[in-house]
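Atom set for the values below is all heavy atoms of this structure, side chains included, hydrogens, waters and symmetry mates excluded.
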Amino acid sequence: MIMMMAMAVIISCSPDRVEEPEEILLPEIAEEPEPEYSWSDGVVTITTGNYKTSEELVKAINRRKPWMEVNWGIEVRLPKSGFPMSRQKKSVDVTVVTLLEAGFTELVTLPEIIERYRQLGYRPLTLEESFELRMQFEDQPNCTEEPENKWGTFYTLLSEKEADMMGGTMLTVSHSSPWSRMIPDYRIGFTRNGTLKEQPFFDPYAKERTDDSWFIGDKLDENTGSRFACAIIK
């Protein structure tokens with residue numbers, strides 16, 4: 001009888017289940033944030049009014065770094081009197097818009113591009129803004145390594161007047177290192193052999209060049225150019 005009572009007490013004191021050990025939570029390792037680029041939000045802000053004359057601005061680009069320069073083809077096309085400068089400090093928000101984003105699906109002329117972009121809230125860059133964009137856009141993605149990134153190389157949208165001032169050529173801003181991937185190669189050049197009157201159309205589906213052949217006089221196919229840097233109208 002005593003033994004039966006002892007067994008009953010032992011059974012009544014036994015836990016219904018075996019308790020599981022507490023889970024030890026290890027601290028989460030935070031992922032490194034992706035680097036912030038000036039163009040990450042789709043806008044690059046530049047400042048004008050830093051130089052009194054266009055000659056000073058061009059020389060400043062050529063002195064900036066061994067690998068940042070104004071292509072010789074641009075310099076020979078600069079008007080002898082230079083180009084107009086704002087002479088006042090002002091911030092300008094610049095973005096790159098492709099012709100497809102603007103709604104073009106067929107060959108298009110420069111006046112048609114300018115008109116459509118204005119309707120969308122963008123305007124052409126001045127020559128000063130185009131050159132300052134090259135000077136200040138120092139984290140431009142490498143167009144050779146990232147050919148689909150529209151910030152890697154693009155035309156700067158110019159008014160017809162300023163395009164004519166440059167002999168009808170279109171300016172490009174590019175970052176390409178085809179010969180040495182270890183050294184950035186920032187340049188401003190022109191990529192259209194001939195004038196806009198001789199090659200008046202742009203192709204929304206054209207792919208931008210991803211090498212430096214335009215800087216050594218290589219002939220381009222017609223109708224190149226499908227993305228343009230423009231200023232956001234405020």
Please confirm whether the ring centroid of Phe83 lies under 6.0 Å from the ring centroid of Phe131. yes
Val173 and Ser130 have their tightest heavy-atom pair at CG2-O, 4.3 Å
Step-by-step side-chain contact (heavy atoms from CB on, under 4.5 Å) determination, Asp203 to Ser226: CA-CA 6 Å; Asp203 183 357; Ser226 61; over 6 Å; no
Heavy-atom donor-acceptor pair, Arg227 side chain to Thr153 backbone, under 3.5 Å: yes
Is there a path of hydrophobic side-chain contacts, each under 4.5 Å between heavy atoms of I/L/V/M/F/W/Y residues, joining Leu120 to Ile233? no
Of Thr98, Thr172, Leu133, which meets side chain to side chain contact (heavy atoms under 4.5 Å, CB included) against Phe154? Leu133
Of all the heavy-atom pairs spanning Gln140 and Gly152, show the shortest one and how long it is. NE2-O, 2.9 Å
Any sub-3.5 Å donor-acceptor pair from Thr109's side-chain atoms to Pro200's backbone N or O? no
Tyr205 versus Thr105: any side-chain heavy-atom pair under 4.5 Å? yes
Residues Ala163 and Leu110: closest non-hydrogen pair is CB-CD2, 4.3 Å
Taking the side chain as every heavy atom from C-beta outward, state whether Glu56 and Met85 have any pair of such atoms under 4.5 Å apart. no
Gap between atom CG of Leu127 and atom NZ of Lys161 - 0.5 Å precision: 10.5 Å
Given side-chain contact (heavy atoms from CB on, under 4.5 Å), test Met166 with Leu78 step by step and report yes or no. CA-CA 6 Å; Met166 295 298 296; Leu78 286 173; 3.9 Å; yes
Would you call the rings of Phe228 and Tyr117 parallel, tilted or perpendicular if under 30° counts as parallel and over 60° as perpendicular? perpendicular
Give the minimum heavy-atom separation between Ala60 and Met135, together with the two atoms involved. CB-CE, 3.2 Å
Check each of Thr48, Thr47, Asn50 against Lys89 using the side-chain hydrogen bond (donor to acceptor under 3.5 Å, both in side chains) test, and report the only one that passes. Asn50
Between the main-chain N or O of Tyr37 and the side-chain N or O of Asp139, is there a donor-acceptor pair closer than 3.5 Å? no
Contacts of Glu162 meeting salt bridge (charged side-chain N to carboxylate O under 4.0 Å, His left out) (sequence neighbours excluded), chain-then-number -> none
Here the gap from Lys234 atom NZ to Lys90 atom NZ, rounded to the nearest 0.5 Å, amounts to 8.5 Å
Under a 4.5 Å cut-off applied to non-hydrogen side-chain atoms, are Leu171 and Arg134 in contact? no
What are the two closest non-hydrogen atoms of Gln136 and Thr45, and how far apart are they? OE1-O, 4.4 Å
Just jot down the salt bridge (charged side-chain N to carboxylate O under 4.0 Å, His left out) partners of Asp164, sequence neighbours excluded, or say none. none
Quick check: do Val96 and Trp39 have side-chain heavy atoms less than 4.5 Å from each other? no
Could you check whether any side-chain heavy atom of Cys230 comes within less than 4.5 Å of a side-chain heavy atom of Val97, counting everything from C-beta outward? yes
Is any side-chain heavy atom of Ile232 closer than 4.5 Å to one of Tyr122? yes
Hey, would you say the Phe104 and Phe202 ring centroids sit under 6.0 Å apart? no
To the nearest 0.5 Å, how far apart are CZ in Arg116 and CD1 in Ile114? 13.5 Å
Return the NZ to OG distance between Lys52 and Ser86, rounded to the nearest 0.5 Å. 13.0 Å
CG of Leu125 to CG of Leu158: how many Å apart, nearest 0.5 Å? 7.0 Å
Gap between atom CD of Glu128 and atom OG1 of Thr53 - 0.5 Å precision: 10.5 Å
Nearest heavy atoms of Ile46 and Glu132, plus distance in Å: CD1-CB, 4.3 Å
Just wondering, more than 12 heavy atoms not from Glu106 lying within 6.0 Å of its CD? no
